[in-house]
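Working notes, structure below.
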Amino acid sequence: MAEPEPGPVGRVRLAILISGRGANMEAIVRAARDPAYPAEVALVVSNRADAPGLARAEALGVPTAVVPHRAFAGREAFEAALLSVLEAHRVEAVALAGFMRVLTAGFVRRFEGRMVNIHPSLLPLYPGLDTHARALAAGDREAGATVHLVTAELDSGPILAQVRVPVLPGDTAETLAARVHAAELALYPGAIADWIRSWR
Ligand code: GAR
């Protein structure tokens with residue numbers, strides 16, 4: 001019997017982890033509707049049942065799951081539950097998109113080289129929280145966002161892509177955050193595609 005023709009290489013099964021409104025998640029889902037996009041969004045997971053992004057994902061027709069961190073005794077138990085959900089959906093890569101939980105080294109190792117994050121600053125400047133207020137307090141003339149590989153150290157993995165926006169006179173943390181956020185939506189889907197194509 002003849003060997004079957006090798007089929008086209010399948011798209012990577014990507015999970016998107018969220019905690020909030022899910023605008024970056026939506027941008028990725030919409031980009032992945034293009035059959036040429038190298039990933040399909042297999043699952044959106046939130047650690048908060050009240051994340052507005054969950055309804056957004058459902059409206060986009062993407063499978064969703066909630067793994068509520070408060071229901072678990074500690075980080076390891078939470079992450080074990082998260083991992084079993086990801087494995088049940090045969091997830092191969094993970095994009096953090098406003099996911100506001102710190103992940104342990106063990107979980108990070110499980111997705112080593114296969115997990116990315118978007119952070120609202122020009123890393124290595126301002127890892128952690130309150131990035132826009134800190135940029136304004138420092139008198140920066142530029143702000144932006146960074147897509148990076150997730151490593152055990154918070155917001156410190158190898159940088160894959162950045163976008164820059166100006167800091168304008170009269171900016172508040174809120175106006176600057178809105179400008180950076182809009183730029184993130186244009187950056188993240190393409191950065192994920194380039195990253196996946198680099199190892200797929
Ligand atoms: C984004 O600005 C993202 O960079 C930030 O949360 C926001 C999520 O927005 N992530 C972090 O601060 C991670 N430390 P979204 O839910 O509308 O995509």
Side-chain angles (χ1 to χ4, degrees), residues 14-32 39 41 43-60 62 64-69 75 78-79 82 93-105 107-108 111 115-137 140 142-167 171-193 195:
L14 179 74
I16 306 174
L17 272 51
I18 65 169
S19 301
R21 65 193 146 161
N24 279 282
M25 175 278 299
E26 177 160 353
I28 300 162
V29 170
R30 290 190 181 282
V41 180
L43 181 67
V44 169
V45 187
S46 174
N47 65 304
R48 302 180 59 103
D50 60 354
L54 281 171
R56 216 162 166 161
E58 277 157 25
L60 290 160
V62 178
T64 62
V66 178
V67 183
H69 65 274
R75 262 182 221 286
F78 163 65
E79 290 178 357
L82 178 58
V94 176
L96 308 181
F99 182 70
M100 303 308 278
R101 302 298 299 167
V102 173
L103 295 166
T104 67
F107 189 89
V108 169
F111 286 100
M115 181 156 55
V116 289
N117 180 43
I118 189 159
H119 181 76
S121 78
L122 293 172
L123 291 173
L125 292 176
Y126 319 127
L129 300 176
D130 299 324
T131 55
H132 308 299
R134 288 154 73 197
L136 290 175
D140 293 352
E142 253 187 350
T146 303
V147 177
H148 65 94
L149 282 178
V150 176
T151 57
E153 198 182 339
L154 185 70
D155 299 331
S156 299
I159 290 172
L160 300 173
Q162 286 186 315
V163 62
R164 291 168 186 275
V165 301
V167 176
D171 260 341
T172 62
E174 289 70 31
T175 60
L176 181 56
R179 192 174 310 117
V180 170
H181 188 252
E184 287 185 341
L185 305 184
L187 174 73
Y188 204 11
I192 291 171
W195 165 64

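When a ligand or atom number is given, it counts from 1 through the structure's own listing order. Computation of the quantities below employed the complete heavy-atom set of this structure, encompassing side-chain atoms and omitting hydrogens, waters and symmetry-equivalent molecules.
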Look at [atom] and say which protein heavy atom is nearest, naming residue and atom and giving the distance to 0.1 Å.
atom: atom 14 (N) of ligand 1; answer: His119 ND1, 3.7 Å
atom: atom 12 (O) of ligand 1; answer: Pro120 CD, 3.5 Å
atom: atom 9 (O) of ligand 1; answer: His181 NE2, 3.4 Å
atom: atom 13 (C) of ligand 1; answer: Met100 SD, 3.8 Å
atom: atom 2 (O) of ligand 1; answer: Glu184 OE1, 2.8 Å
atom: atom 10 (N) of ligand 1; answer: Ile118 O, 3.7 Å

So Leu17 and Met115, side-chain contact (heavy atoms from CB on, under 4.5 Å) or not? Walk me through it. CA-CA 10 Å; Leu17 272 51; Met115 181 156 55; 5.6 Å; no

Between ligand 1 and [X], is the shortest N or O to N or O distance under 3.5 Å?
X: Gly22; result: yes
X: Asn117; result: no
X: Asp155; result: no

Can you tell me how the ring of Phe78 sits relative to the ring of His69, calling it parallel under 30°, perpendicular over 60° and tilted otherwise? perpendicular

Heavy-atom nearest neighbour of atom 7 (C) of ligand 1 within options Gly98, Ala23, Ala182, Pro127: Gly98

Under the criterion side-chain contact (heavy atoms from CB on, under 4.5 Å), I'd like the reasoning laid out for Ile18 against Val45: C-alpha separation, chi angles, the key distance, then a yes or no. CA-CA 6 Å; Ile18 65 169; Val45 187; over 6 Å; no

Is any side-chain heavy atom of Val102 closer than 4.5 Å to one of Arg75? yes

In short, Ala143 meets Val180 closest at the heavy-atom pair CB-CG2, 4.2 Å

Nearest heavy-atom contact between Ala32 and Ala39 is CB-O, 3.6 Å

Exam field: side chain Glu184 to backbone Ile118, donor-acceptor pair closer than 3.5 Å: no

